[in-house]
Amino acid sequence: MLEQQLINGLTLGLIYALIAVGYTMVYGVIQLINFAHGEIYMLGAFFCVTLITAAGLPFYVAMLMAVVCCAMCGILLDIIAYRPLRRAPRLAALITAIGMSIFLQNLALIIWGSRSKPFPRTALPGYLTEQALTVGSVGLSWLQLFIFAVAIGMMLLLYLVIQKTRIGTAMRALAQNRTAAALMGINVNRVISFTFALGSAMGAVAGILVAIYYNTLYPTMGYTAGVKAFAAAVLGGIGSVPGAMAGGVVLGVAEALGAGYVSSLYRDGVAYAVMIAVIVLRPSGILGRAVTDKA
Amino acid sequence: MLELKEVQAFYGTIQALKGVTLEVNAGEIVCLIGANGAGKSTTLMAISSVVPVGGGTIAYDGRDITRLATDRVVALGITQVPEGRMIFPDLTVLENLRMGAYLRRDRAALKADEAHALDLFPILKERRKQLGGTLSGGEQQMLAIARALMARPRLLLLDEPSLGLAPIVVEHIFEVITRINTEGTTLLLVEQNAQMALQVAHRGYVLETGRVVISGTAADLLADPRVQEAYLGMDMA
């Protein structure tokens with residue numbers, strides 16, 4: 001029972017982590033909570049399914065293309081909605097983000113309808129629908145292993161990009177001091193675009209994985225996932241990428257344990273309780289630093 | 001090399017520059033002196049396009065750069081060491097240096113320049129793997145200068161390099177400033193420490209409330225009673 005809940009929690013947590021890094025990276029470079037990030041996650045799932053059902057593409061190709069499309073959507077979102085407000089008060093950008101979230105959700109409703117759709121499972125490679133191994137009463141599916149592998153792989157890749165590449169270092173520099181970054185000759189808008197692309201790609205992957213895992217997708221799916229991943233980012237310390245990863249996993253496990261041992265009705269409640277506890281007890285998050293450091 | 005004509009700049013409705021006209025010739029060290037709030041830093045920020053220019057023109061090698069984006073100004077060879085150093089606290093010393101060379105692609109020459117920069121400030125070599133934020137004020141200033149040099153600027157804008165530093169460190173910094181100049185880089189230097197600045201500079205401008213009020217060779221300025229009284233701390237009475 002416990003082992004099973006831990007495995008389920010880890011699966012969910014890695015997905016939250018994938019979404020949460022998008023919130024935290026964007027916050028790091030432009031101090032904006034991109035509330036439309038959950039919608040990018042939703043679009044990832046819909047793009048992927050549409051490419052499979054309408055265009056007849058094989059799963060992996062559809063997934064890759066959906067991720068690339070979402071990365072471009074992320075860039076466009078920034079250019080259209082946020083860039084004009086770069087010098088405006090932060091509240092203006094924040095409200096715009098909420099507006100973009102509502103807009104994208106409704107756009108999806110118009111395009112794909114409000115009814116939830118199943119993921120076209122026949123398009124999936126056969127093994128993804130099979131059980132990988134069962135030990136006693138604990139089952140681990142190939143799909144869960146696939147989620148582990150993809151999520152951990154993406155996060156390792158992200159880590160390497162941020163730590164080792166020129167543009168990744170520029171991202172960190174920009175987050176630490178924007179004026180100084182510009183004075184280094186860094187094209188600030190280009191680095192911000194890159195950050196949106198990277199975060200959106202991670203979010204899209206998460207959306208696709210969830211749609212397969214729960215075998216369902218619907219236009220409002222980004223809302224709950226978005227709020228929870230945001231909670232994970234806050235839990236880890238907003239602005240901290242390793243924090244978002246850790247926060248996602250902690251939140252996923254807490255939620256699975258809450259659902260398993262208390263009642264599955266409290267699944268979402270646990271996530272919000274964790275977020276409230278963090279805000280009250282340690283507002284800077286697990287790996288975040290005190291806000292005064294930023295000044 | 002650099003020519004400012006009647007440059008104006010605003011912070012909201014406050015006019016920080018009311019028409020600054022000055023020029024810097026290739027090979028020179030030119031210093032801007034003046035009291036707090038006179039517009040010295042704003043002038044440098046306007047040249048780097050960090051503060052938008054509200055009027056007037058800035059030309060570099062005869063080309064109008066008034067409205068260029070900051071990164072394009074850097075690409076033309078104008079680099080700034082900003083007031084307060086603005087090093088990246090969570091990047092290592094080496095990463096800070098590499099950010100200075102962000103626009104350069106010539107990897108081989110980069111290595112040599114990195115070695116040269118660490119050579120100018122040997123302490124940075126010892127600390128190259130440390131995070132920038134763990135350095136002392138003087139070391140941060142050295143890092144800021146070394147980082148700016150990594151861009152191989154033709155014109156280096158230096159804002160208050162001596163601010164808050166111990167006299168012995170200030171002396172070292174000014175030695176390096178002279179050395180950078182003899183190695184071929186033109187400098188525009190903003191300093192509160194007018195005495196020190198005028199000793200290394202060829203020419204200078206005195207700014208008061210957003211305007212140039214006195215200009216001349218460094219020797220002339222040092223001898224000017226108005227400068228002596230207001231900026232060199234000499235009692236004329």
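Every chain is numbered from 1, with letters handed out A, B, ... down the list of sequences.
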Legend entry - A:Ser193 and A:Asp78: CA distance, side-chain angles, deciding distance, side chain to side chain contact (heavy atoms under 4.5 Å, CB included) verdict: CA-CA 7 Å; A:Ser193 285; A:Asp78 172 53; 4.3 Å; yes
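Contacts of B:Met150 with chain A are absent, with no heavy-atom separation under 4.5 Å from either backbone or side chain. There is no contact between B:Arg85 and chain A, counting heavy-atom distances below 4.5 Å.
Between A:Phe196 and A:Tyr82, the ring planes are tilted. Angles from 30° to 60° get that label.
Remark: the backbone N or O of B:Gly27 is paired with a side-chain donor or acceptor of B:Thr186 at under 3.5 angstrom.
Checked against the 6.0 Å centroid criterion, the rings of A:His37 and A:Phe230 do not qualify as a close aromatic pair.
Comparing B:Arg72, B:Met45, B:Arg147 by heavy-atom pairs within less than 4.5 Å of chain A, the highest count is held by B:Arg147. Most heavy-atom pairs under 4.5 Å with chain B: of the set A:Leu183, A:Asn189, A:Val188, this distinction falls to A:Leu183.
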